Amino acid sequence: MTASAVSLALLATACGSSDSKGEAKADAPAPAASSAAPAKGKTDAELAGVIVKQADLPDHLVKEATAAEAAAGAAATSDKPDCLPLVKAQSMAPVGKAAGTARTKAVAKPKDGGAADTPDAKMKAIMDALGANATAVTLSSYDGKGAEEAFTALKNAGTACAAGYGVTQDGESAKVTKVAPGTPVTAGDEALAYTVEADSDGTKISTQLVVVRKANTVATFSALSLKGTAEQPKSVVDAQVKKLG
């Protein structure tokens with residue numbers, strides 16, 4: 001597993017506009033400066049204010065990503081340059097040069113099946129926690145058309161890297177064996193979804209990757225489960241997109 005995957009696994013076990021008042025000649029053309037000005041991306045602090053929190057996801061355990069996880073994602077690499085956008089999206093790192101970034105992790109709480117007052121019930125509760133969906137959420141905001149370019153890079157990578165690629169992160173290596181379209185997602189200005197299958201030390205892992213662009217911010221959601229097959233994190237995606245406005 002990559003460093004971000006290990007971190008998520010450990011968490012799972014813990015379970016406007018303004019009006020101009022200036023006067024202009026009647027025959028003068030309307031100024032175009034404001035419409036031509038490139039969009040400015042949100043800062044780290046601004047994104048921290050709109051990323052999902054515990055109150056937004058009562059059915060999840062939400063915990064902020066660490067500086068070490070951010071550093072590991074920034075250094076993550078692939079043996080195929082065209083596939084690096086996918087590596088970054090699954091490592092809580094921005095694709096390309098972002099103006100600001102925010103990261104968090106959300107682990108689904110096991111459904112309450114009653115008090116775990118017997119050995120069998122306690123064991124089931126532990127296994128449910130281990131198999132819970134763990135989702136890494138990353139917000140990256142860009143100046144100009146950077147968000148559109150990042151989204152396009154991820155879309156192109158899904159096609160170019162369908163047969164797989166190698167990943168190295170924090171001194172660990174894994175082999176992605178397949179990238180396939182996931183359950184379609186309708187959100188933001190544009191969205192895409194992938195099922196990413198990997199082999200890590202002989203262990204088969206199937207993760208769900210969702211990417212949503214809203215204006216000049218790109219949100220990525222990478223979900224995994226220690227049971228090996230993750231579910232698409234719909235409730236996390238919906239809650240985050242709602243906060244982006």
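Since we're looking at a predicted model, the values are computed, not measured. Only this structure's heavy atoms are used, side chains among them; waters, hydrogens and symmetry mates stay out.
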Distance, nearest 0.5 Å, that separates CG of L139 from OG1 of T101:
9.0 Å
Between R103 and M92, is there a donor-acceptor pair closer than 3.5 Å when you use the side chain of the first and the backbone of the second?
yes
Per the side-chain contact (heavy atoms from CB on, under 4.5 Å) rule, which among T135, V52, V210, V137 passes with V237?
V210
For the atom pair OH (Y165) and OG1 (T77), what is the distance rounded to the nearest 0.5 Å?
12.0 Å
Heavy atoms of V95 and P85 approach each other most closely as CG2-O, 3.7 Å
S222 and Q90 have their tightest heavy-atom pair at OG-NE2, 3.3 Å
Reported OG1-to-CG distance for the pair T207 and L224, which is rounded to 0.5 angstrom:
7.0 Å
Q169 versus S91, closest heavy-atom pair with distance:
OE1-OG, 2.9 Å
Which atom pairs, donor and acceptor, lie under 3.5 Å between side-chain atoms of residues 151-161 and protein residues at least two apart or in another chain?
residue	atom	partner	partner atom	Å
T152	OG1	E148	O	2.9
N156	ND2	T152	O	3.4

Starting from the C-alpha separation in whole Å, work towards a yes-or-no answer on side-chain contact (heavy atoms from CB on, under 4.5 Å) for V185 and L192.
CA-CA 6 Å; V185 173; L192 56 83; over 6 Å; no
Using modelled atom types only, decide if a donor and an acceptor are shared between the side chain of D79 and the backbone of G166 within a distance under 3.5 Å.
yes
Heavy atoms of A147 and A215 approach each other most closely as CB-O, 3.8 Å
Can you confirm whether the side chains of E231 and S225 place a donor and an acceptor under 3.5 Å from each other?
no
Heavy-atom closest contact (A99 atom, D44 atom, distance):
O-OD1, 4.4 Å
Student check: side-chain heavy atoms of T177 and K175 closer than 4.5 Å
yes
Would you mind reporting whether L244 and T217 have side-chain heavy atoms less than 4.5 Å apart?
yes
Just by distance, no angles: are the side chains of E64 and T104 close enough, under 3.5 Å, to form a donor-acceptor pair?
no
Heavy-atom donor-acceptor pair, T43 side chain to E46 backbone, under 3.5 Å:
yes
Does any N or O in the side chain of K88 come within less than 3.5 Å of the main-chain N or O of A74, such that one atom is a donor and the other an acceptor?
yes
How long is the straight-line distance from NZ of K42 back to OG of S141, given to the nearest 0.5 Å?
5.0 Å
Can you list everything that forms a salt bridge (Lys or Arg N to Asp or Glu O under 4.0 Å) with K234? Sequence neighbours excluded, please.
D238
Is any side-chain heavy atom of F221 less than 4.5 Å from a side-chain heavy atom of T138?
no
How long is the gap from OG1 on T229 to CD1 on I205, to the nearest 0.5 Å?
10.0 Å
Among all residues two or more places apart in sequence or in another chain, which pass the salt bridge (Lys or Arg N to Asp or Glu O under 4.0 Å) test with K242?
none
To check you understand the geometry: which heavy-atom pair defines the closest contact between A102 and L47, and what is its length?
CB-CB, 3.7 Å
Quick one: which residue pairs count as a side chain to side chain donor-acceptor pair (under 3.5 Å) with a foot in residues 181-199, not counting sequence neighbours?
E190-R213, T195-Q208, D199-K204
Under the side chain to side chain donor-acceptor pair (under 3.5 Å) rule, collect the residues that match up with K97, sequence neighbours excluded.
none
Sub-4.5 Å side-chain heavy-atom contact between N133 and H60
no
The complete set of side chain to side chain donor-acceptor pair (under 3.5 Å) pairs with one or both residues in residues 48-58, sequence neighbours excluded, reads D56-K243
